[in-house]
Every structure is written in structure tokens, then in C-alpha cells.
Amino acid sequence: MARIAPLSGFPELLPAQRVVEREVIASLSQTFELHGFANIETRVVEPLDRLAKGGEIDKEIYVLRRLQADDGADDTGLGMHFDLTVPFSRYVLEHAGHLEFPFRRFQVQPAWRGERPQEGRYRQFTQADVDVVGRDVLPFHHDVEVMAVMVDALDRLPVPPVSFQFNNRKLIQGFYRGLGLADVTAAIRVIDKLDKLPADEVARLLVEQAGATPEQAARCLELATIRVPDTSFVERVRALGVTDELLDEGLAELAAVVEGCSQVDAPSVTVEANLRIARGLDYYTGTVVEIFMRGYERLKSVGGGGRYDALATDGKTTYPGVGVSFGVSRSLLPLIADGVLAGSRPVPSAVLVAVVDEESRGRSTRVATALRRSGVPCEVAPTAQKFGKQIRFADRRGIPWVWFPGEDGEHTVKDIRSGEQVVADPATWTPPVEDLRPRVLTTTTEETTP
RNA sequence: GUGGGCGUAGCUCAGCUGGUAGAGCGCCGCGUUGUGGUCGCGGAUGUCGCGGGUUCGAGUCCCGUCGUUCACCCCA
């Protein structure tokens, strides 16, 4: 029985499950590096005043303090980061003198939020972020680039198909402005409720909270219901008859992002323009995106991001950025729990070297040494049980091969899946490459490895 | 943070209006004296999440607590 109570919201994985997470992180990192993004790791804590920029998230910050703090000082003024964007913006400011701009980095780290946990929401979770940051300026084409990188990265993952839903803040703001709407920010917040409230209710709220006329509210809803897999949204928006300079700019940018991401060779990723995607964070200024995973829409977005013209500023210089993050824990833990993803084995060993009797354990150890020299992960059987038991030991752990050391160099190795057993030389034999490392198994297809 | 559902063997679960804890799978042993998986026979599972209360008696009822899950909120 579990005498030690698990901590709610702080999930831990068993070895075979951890195989999945490690392979996914390795795959993401590899793709990001293929696109020339450097890896960084930021410290776990940040000064509280930097983390707390107002907003609901303040209450979710875990604060650090010493057990024997002075009575007067109840904390150290440090909190654990709740995402990777805030620490990154601080990192950029702090190390700006040593970075080359535009700076391209990726980061895969845990973050902490004191939330009520549930499926896909944890108090400690890992996310993977890719961003490009410029000094003073960051050309728009980086929006397309960084989104395309994430499209490529997620396409290579052994997860269900994902959908990138793009929108653009300039488009929304320009449209509302051209429409003559008073409170653009309030209107965006209301439109964001569209998946929870019926359309006519949203229209009512637009009138009530955003100072819209019924006519304006109707137009806003028309805009928000546009959702297409190509650039045809441009014509449909124009047909609504609103003209505005910012709107034009947003339309062009969104078209470029949708176009650019559609051109990535990524069969398991769909790309759409969805004009009701707003995203709550108010620092976004252009491109915004939310990512959804097929069959797991209940998790809401498994990733998201966008353009922020002032990621960081030191008063003299501003650093605009564009980035997107993928929720590693949010997407993987439900997939693992549902049995969609599993590790092929809980141990790295590809071979179990059997032990004939304790007197000859040295012979088995020498076989293992030879195999390791060839890069074959292996282990020696813990006890000299009957061979049937030793084979079962390997079978339980998913170790595909069992090596039987012979008396006079007469070695044999058995594939316990097929039962086939052949004479082999420890110095030269290697298993098929697909047996070398644990792999990620999916229930739908046979297997996938980065 | 607010409100609801659920917590029984390693796993999935059964257990009626309170009366001495069960099944399947898995695990262990033997059949099979050095090559597993099938089959047959046998065996062990457990502070019924934890603490308190009501009762002659609590897995069952009540309260609290922890865990889990759902909704709100927020977002990865």
C-alpha cells in the first residue's frame, strides 16, 4: 500500500514511461538544432518582482524561503518560474552583451504553478520553447520561420496529429479599430469566450462590456467564425467591408505564416487560419498560435505562442521576439496514461548475458565487456538460475537477446522473441540497430523513433 | 482558490438497507533435473487511502484529511 502519499500535481514516471519522455525531448532538441537554435538552461528561481507582473498568475507562483528565515523577512524575494518566457526575457537582458542577435534559442525545462491539478494540468510540468529575439528590430520573416520549426518538430514526434491554429493581433485590432469599436482589449477577451458561450451570448457581452453596437457585435462574430486551411480568409475578411491600415498588415502577415507553415513537409500537422484565436496574454502584438492534438481536444491547447514586440527592455534597447512553446508534460502524460505511447522496455540493456554457474561469472562478465566495446548495452544475469529462469528474467524486462557463454569459446545468442539461437562471437556480434535502444511504441502504428 | 464524483490485492474491479474481505489478470512453486512464453495443478496476496466519530459490530453510515478526477478559473 502507498504509505508515502504522492504529491498532487507533481507527476513521476516509471522507467519505461520515462523512455517516452526522453525520446520526445531528444527528438525535439534534434529538430531545433537542425534549424540552428542553441540550447540554454535558465535558473529555476527569479526575483519575485520580475515574475509578478500583475494578473491572475501571481497567485500561482511558488515562493522560495529559508526555513530559518529572520522573523522580519518572511521570504527571500525569490519565486520559481511559471513559464520559460519570463526567465528567457531576463536572460536576454542580463547577457545581451554576450549574445548575437537575432538570438535563436530553445529551452526544455520544467516550470511550476500552484494550480489545482487535473489531467493535462500539473503543478510541475515540462515545456519546450523555441524563440528568436532581435535587438531593436526583428524582421517579420522570423515569425514564419519559428512557427515552421515547431511544425517540423511536432511532425517528427510519435504523437497524434496536431493542428496549428493561427491568427494575428494586428488583424483583430485593425478590424475592430476600422469598425469603430471603443474597447479593443475588452472585445478580444469576450471573443475568447466563444468556445464556452453561445454566439448570441457573446454578441450580448460585446455590447455590454466592449461598448459595441449590435451591428458591430455581429461583424465581430462574423470575423471570429472564419476558419480556413489556406489564405482564402483574406478575401472573406475584405468582404466584411472594414478598411484599416493595421488590418491590412495583419492580413498580409497571417497569410504569410499560413502559407509558410503549409509548405513544410509535415504530413501529420494541419495548419489553419482561425480568426477567433486570441490568447489571453496581452504581450502578444502580431502572430498568435494555439496548437491542438487530435483526440485530445479536451486538453485545450498543447502548445501556443506568438509575436511580442517588447519581450524585454532595459529602457534604452527593446528586444522584440517571436516564439512558440509545446507542453511536453501536458501532451505526453495523458498519452502515456491512455496507453497510446509506451516505452519498449524499462531497461536500456539489449542483451542479458546468462551465467552458467557462479564459478564462471567472470566468463559472462568478459562477454559483457566485449559487447559494450561494440556499443551494445547489456547486463549480466544477477543469479545463476536455470536458463529458463534467466530467459524469463530477460523477457520480463523486454530485453530481446540472451547470451549463453560456452565452455570453450562456443558462444550462442538467442532472440527470445523468435526463439532463434545462433553461434556468435562476443567481439563482433551486434544486434539489429532497432534493438540497441529502447523505443517509443504507439498503439496505432508499430513503432516510431526520432 | 470554489464546487461535485471517486479511493477495496501489483493491475482492472465486485462487495445489497452495517454482521468475521472476493474475482479475473499478474506474481510464486510444481509438472518440466540447465532454454522462457502454451497448458494443468497448487500457493501467497490486503493496516478496504489515512485519522476520528456513531454502533454490540463499519469496506459499508457521519466528520475531517490526503490522493485522484471533473467543472469554474487560468494556461503548457
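Computation of the quantities below employed the complete heavy-atom set of this structure, encompassing side-chain atoms and omitting hydrogens, waters and symmetry-equivalent molecules. Each chain gets a letter, A, B and so on, in the order its sequence line appears, and its residues count up from 1.
- Protein atom CZ of A:Phe82 is 12 Å distant from nucleotide atom C1' of B:A76, rounded to whole Å.
- Relative ring orientation between A:Trp401 and A:Trp429 is described as perpendicular, the plane-to-plane angle rising above 60° on a 0-90° scale split at 30° and 60°.
- Going from atom CZ of A:Arg396 over to atom C1' of B:C27 covers 7 Å, rounded to whole Å.
- Look at the P atom in both B:G19 and B:A58: the space between them is 11 Å, to the nearest Å.
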Determine, for nucleotides 30-45 of chain B in 5'-to-3' order, which nucleotides have protein heavy atoms under 4.0 Å from the base (write B), from only the sugar-phosphate (write S), or from neither (write -). ---SBBBB--------
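- For the C1' atoms, the distance from B:A14 to B:C6 is 16 Å, rounded to whole Å.
- Taking atom C1' in both B:U47 and B:C41, the straight-line distance is 33 Å, to the nearest Å.
- Within 6.0 Å of CG on A:Asp425 lie more than 12 heavy atoms contributed by other residues, nucleotides or ligands.
- Atom CD of A:Glu290 is separated from atom P of B:C74 by 13 Å (rounded to the nearest Å).
- Look at CG on A:Leu299: it is 18 Å from P on B:C74, rounded to the nearest Å.
- No salt bridge links A:Asp395 with A:Arg417; every basic N to acidic carboxylate O contact stays at or beyond 4.0 Å.
- One N or O donor and one acceptor, one from the side chain of A:Arg121 and one from the base of B:C73, sit under 3.5 Å apart.
- Here the P atom of nucleotide B:A76 and the CG atom of A:Leu154 are 14 Å apart, to the nearest Å.
- The CG atom of A:Leu333 lies 14.5 Å from the CZ atom of A:Arg121; values are rounded to the nearest 0.5 Å.
- A:His81 places its NE2 atom 18 Å from the P atom of B:C75, with the value rounded to the nearest Å.
- Among the atoms of the strands shown, none is found under 4.0 Å from any heavy atom of A:Gly305.
- Each of A:Gly9 and A:Gly303 lies near RNA chain B, and the nucleotide nearest A:Gly9 is the one positioned closer to the 5' end.
- If you find the closest nucleotide of RNA chain B to A:Arg298 and to A:Arg123, the one lying nearer the 5' end belongs to A:Arg123.
- Remark: the backbone N or O of A:Gln107 is not paired with any side-chain donor or acceptor of A:Asp129 at under 3.5 angstrom.
- To the nearest 0.5 angstrom, A:Gln109 atom CD is 5.5 Å from A:His81 atom NE2.
- Atom P of B:U2 sits at a distance of 13 Å from the matching atom of B:G64, rounded to the whole Å.
- One can place CG of A:Leu28 at 13 Å from C1' of B:A76, the figure rounded to the nearest angstrom.
- OP1 and OP2 of B:C74 both lie 4.0 Å or more from every side-chain N or O belonging to A:Arg330.
- Here, B:C62 and B:U20 have their C1' atoms 23 Å apart, quoted to the whole Å.
- Separation of atoms CD (A:Glu379) and CZ (A:Arg397) is listed at 7.0 Å; rounding is to 0.5 Å.
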